[in-house]
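Everything quoted here is computed from the prediction, not taken from an experiment. Every heavy atom of this structure was used, including side-chain atoms; hydrogens, water molecules and symmetry mates were not.
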Number of protein chains: 2
Amino acid sequence: MSSPLSLAEENYLKAIYHLSENGNASVNTNSLAESVSTTPASATDMVKKLASKNLVGYQKYKGTTLLADGKREALTVIRKHRLWEVFLVEKLSFKWDEVHDIAEQLEHIKSPMLIKRLDQFLGYPTMDPHGDPIPNEAGEMKDIIKASISKIDVGSKGIVVAVENDDSLLLQHLNSVGIKIGSKIHIISRTDYDGSLSVSVDSGVPQFISQTVADNIMISLSEN
Amino acid sequence: MSSPLSLAEENYLKAIYHLSENGNASVNTNSLAESVSTTPASATDMVKKLASKNLVGYQKYKGTTLLADGKREALTVIRKHRLWEVFLVEKLSFKWDEVHDIAEQLEHIKSPMLIKRLDQFLGYPTMDPHGDPIPNEAGEMKDIIKASISKIDVGSKGIVVAVENDDSLLLQHLNSVGIKIGSKIHIISRTDYDGSLSVSVDSGVPQFISQTVADNIMISLSEN
DNA sequence: AGTAATTTTTAGATATACCTAAAAATAAAT
DNA sequence: ATTTATTTTTAGGTATATCTAAAAATTACT
Ligand SMILES: [Mn+2]
Ligand SMILES: [Mn+2]
Ligand SMILES: [Mn+2]
Ligand SMILES: [Mn+2]
């Protein structure tokens, strides 16, 4: 039916998806243009083309919304992007912050079979190295909770997505415990009396974390 | 210095490399056009552009030759293509004959680090799943010998690249021994008296192969 | 050598995805 | 309610990589 999408079309759909907070809100032309690093004039051109393919809804001066097909395409690209990021970090030992640009290229490879096999090879991950959820083939993804580890159930596993304090003493301390953005955290136990935690970092031996420190560590975990 | 090559430019350079038998001979416009599935007019246009970038030598009506820079670029693309083919077969369980089209896309991903890491992840392979040699970072590759397993030293390992006989009884027999195009063969021992062999197929238990059968099995192995 | 066949190049167009500059519509401010 | 500022669209172009049709050069054949 529809010709395969070009790299540019895929990037626009993905940008619209992100800017519309998961495909709900309407996106204005200037933000879209900025998001794909182009001019508003070019964005208008592209949005018209996407509208003619029934991927987005568009009315002059009124913004752009994803239609069902466009949302599906966007989620497919996001799925590929995040799966490749997992591959790069888990299999090729890239760091958390080195993978985005490579994934921006890999996300456009066209082969449903490749993605199926990659997903299997990676053990069907539900979260990427940045703590963002990976859509399944149907475009569904688990809800992701982002919260301080001082407020999360014992037994939970997640990825450090932020440290809410740039005190260099704190950062040095985290360094000594091996906690950094992208670390995998497993909450082993909590002492109710003082709120201190025992956590495993990147599958290592349990580490003691005081509540003061725990308050600053934000992790991302998928519900269920 | 030079702007990154486009996908089209990379494909032309690769085609010129293959058509010129490894960058030596000169390539005529019609074959080049056919090889990249385009018209001779388009090939002429592209060859002019590549010549202006000093990647190929070109004189009207006299054909095209790879220059040093063009050959280097071609070999980089071929290296990437073959490494990705190994990845697809070894890690994602694709069949020998399913990987080419996907590798045609993956070969254009731009990231020297990615290829370095991929190479390491794969254990620095020297041959792709089709028995073709993988150039190293400097563009050098091992010589590949293609010969019948009845004429190859005990201890050698290689990949089945052809079966020189389409007798259905032979093919059925090979099937029962698990030998097919792309199989990894390890020659365990040879009985001098009748030329029969004991070989391991895809790292399995040793199999008995008579000389009559062995004569028909062509494998590809890297010299060293 | 002269003609015919083939190969290759040029000329002129098309589609994609950009751009700048100007016009039009919408939103904000007085 | 005007005026002003911002956003968005249109108009007109550019670069890449294609195409077809026609011209030119080379090669092959009597
Ligand atoms: Mn990313
Ligand atoms: Mn990510
Ligand atoms: Mn191939
Ligand atoms: Mn190959």
Side-chain angles (χ1 to χ4, degrees), chain A residues 1-16 19-20 25-66 70 73-74 77 104-105 107-110, chain B residues 1-16 19-20 25-66 70 73-74 77 104-105 107-110:
Chain A
M1 311 301 95
S2 49
S3 56
L5 298 178
S6 71
L7 186 144
E9 290 170 325
E10 290 189 339
N11 281 337
Y12 271 94
L13 290 172
K14 188 166 58 114
I16 296 168
L19 290 170
S20 65
S26 152
V27 172
N28 47 286
T29 302
N30 274 9
S31 345
L32 180 54
E34 203 202 336
S35 175
V36 299
S37 303
T38 187
T39 60
S42 299
T44 299
D45 284 350
M46 180 56 90
V47 151
K48 280 179 178 172
K49 199 208 311 190
L50 295 174
S52 80
K53 294 186 175 190
N54 282 301
L55 297 166
V56 304
Y58 166 68
Q59 284 170 268
K60 275 192 207 176
Y61 298 100
K62 296 217 163 180
T64 307
T65 50
L66 279 181
E73 295 289 352
V77 176
E104 282 295 312
Q105 299 181 61
E107 72 188 3
H108 302 290
I109 302 292
K110 270 146 183 107
Chain B
M1 311 279 101
S2 50
S3 55
L5 297 179
S6 71
L7 186 145
E9 290 171 325
E10 290 190 339
N11 281 338
Y12 272 94
L13 289 173
K14 188 166 58 114
I16 296 168
L19 290 170
S20 64
S26 150
V27 172
N28 47 285
T29 303
N30 274 8
S31 343
L32 180 54
E34 203 201 337
S35 174
V36 299
S37 303
T38 187
T39 60
S42 300
T44 299
D45 284 350
M46 180 55 89
V47 151
K48 281 179 179 171
K49 197 204 318 189
L50 295 174
S52 80
K53 295 187 175 190
N54 282 303
L55 297 166
V56 304
Y58 167 68
Q59 285 171 267
K60 276 193 206 175
Y61 298 101
K62 294 215 165 181
T64 308
T65 50
L66 279 181
E73 295 288 354
V77 176
E104 282 295 312
Q105 299 180 61
E107 72 188 4
H108 301 290
I109 302 292
K110 270 148 182 105

Would you list the atom pairs, donor with acceptor, under 3.5 Å between side chains in residues 28-41 of chain A and any protein atom, with sequence neighbours excluded?
from    : atom 1 : to      : atom 2 : distance (Å)
A/Asn28 : OD1    : A/Ser31 : OG     : 3.2
A/Asn28 : ND2    : A/Ser31 : OG     : 2.6
A/Thr38 : OG1    : A/Ser42 : OG     : 3.4
A/Thr39 : OG1    : A/Ser42 : N      : 3.3
A/Thr39 : OG1    : A/Ser42 : OG     : 3.0

Discussion item. Is there a side-chain contact between A/Leu13 and A/Leu50 in this structure, where contact means two heavy atoms from C-beta onward sitting under 4.5 Å apart?
Written reply: yes
Item to complete: Considering just the side-chain nitrogens and oxygens of B/Tyr12, establish if one lies under 4.0 Å of OP1 or OP2 belonging to D/dT18.
Response: yes
Worksheet item: Is the phosphate of C/dT9, meaning OP1 or OP2, less than 4.0 Å from a side-chain N or O of B/Tyr58?
Response: yes
Fill in: Rounded interatomic separation in angstrom, taking CG from B/Asp45 and C1' from C/dA15
15 Å
Response to the item:
Taken to the nearest whole Å, CD/A/Glu9 to C1'/C/dT16 is 9 Å
Worksheet item: Could you give the distance from CD (B/Gln105) to NE2 (A/His108), rounded to the nearest 0.5 Å?
Response: 11.5 Å
Worksheet item: Contact class for B/Lys48 (heavy atom, under 4.0 Å): base, sugar-phosphate, or nothing?
Response: sugar-phosphate
Discussion item. Using side-chain heavy atoms (C-beta onward) and a distance below 4.5 Å, is A/Lys14 in contact with A/Glu107?
Written reply: yes
Discussion item. With a 4.5 Å cut-off on side-chain heavy atoms, are A/Tyr58 and A/Thr44 touching?
Written reply: yes
Worksheet, complete the sentence: Winner on side-chain proximity to B/Pro40, out of C/dC19, C/dT9, D/dT20, is C/dT9
Worksheet entry | B/Val27 and B/Leu66, any side-chain heavy atoms less than 4.5 Å apart | no
Worksheet item: How is A/Ala41 classified with respect to the nucleic acid when contacts are heavy atoms under 4.0 Å: base, sugar-phosphate, or nothing?
Response: base
Practice prompt. To the nearest Å, give me how far apart CE (B/Met46) and C1' (D/dC19) are.
Written response: 14 Å
Worksheet entry | Residue A/Thr44, side-chain heavy atoms: nucleotide from C/dC18, D/dT10, D/dA25 that is nearest | D/dT10
Worksheet item: Rounded to the Å, how far apart are B/Tyr61 OH and D/dA28 P?
Response: 16 Å
Discussion item. How close do B/Ser26 and B/Lys62 get, counting heavy atoms only, and between which atoms?
Written reply: OG-O, 3.7 Å
Worksheet item: When you match A/Lys60 and A/Ser6 each to their closest nucleotide on DNA chain C, which lands nearer the 5' end?
Response: A/Ser6
Discussion item. Under 4.0 Å, heavy atom to any atom of DNA chain C: which of residues 27-38 of chain B qualify?
Written reply: B/Asn28, B/Thr29, B/Asn30
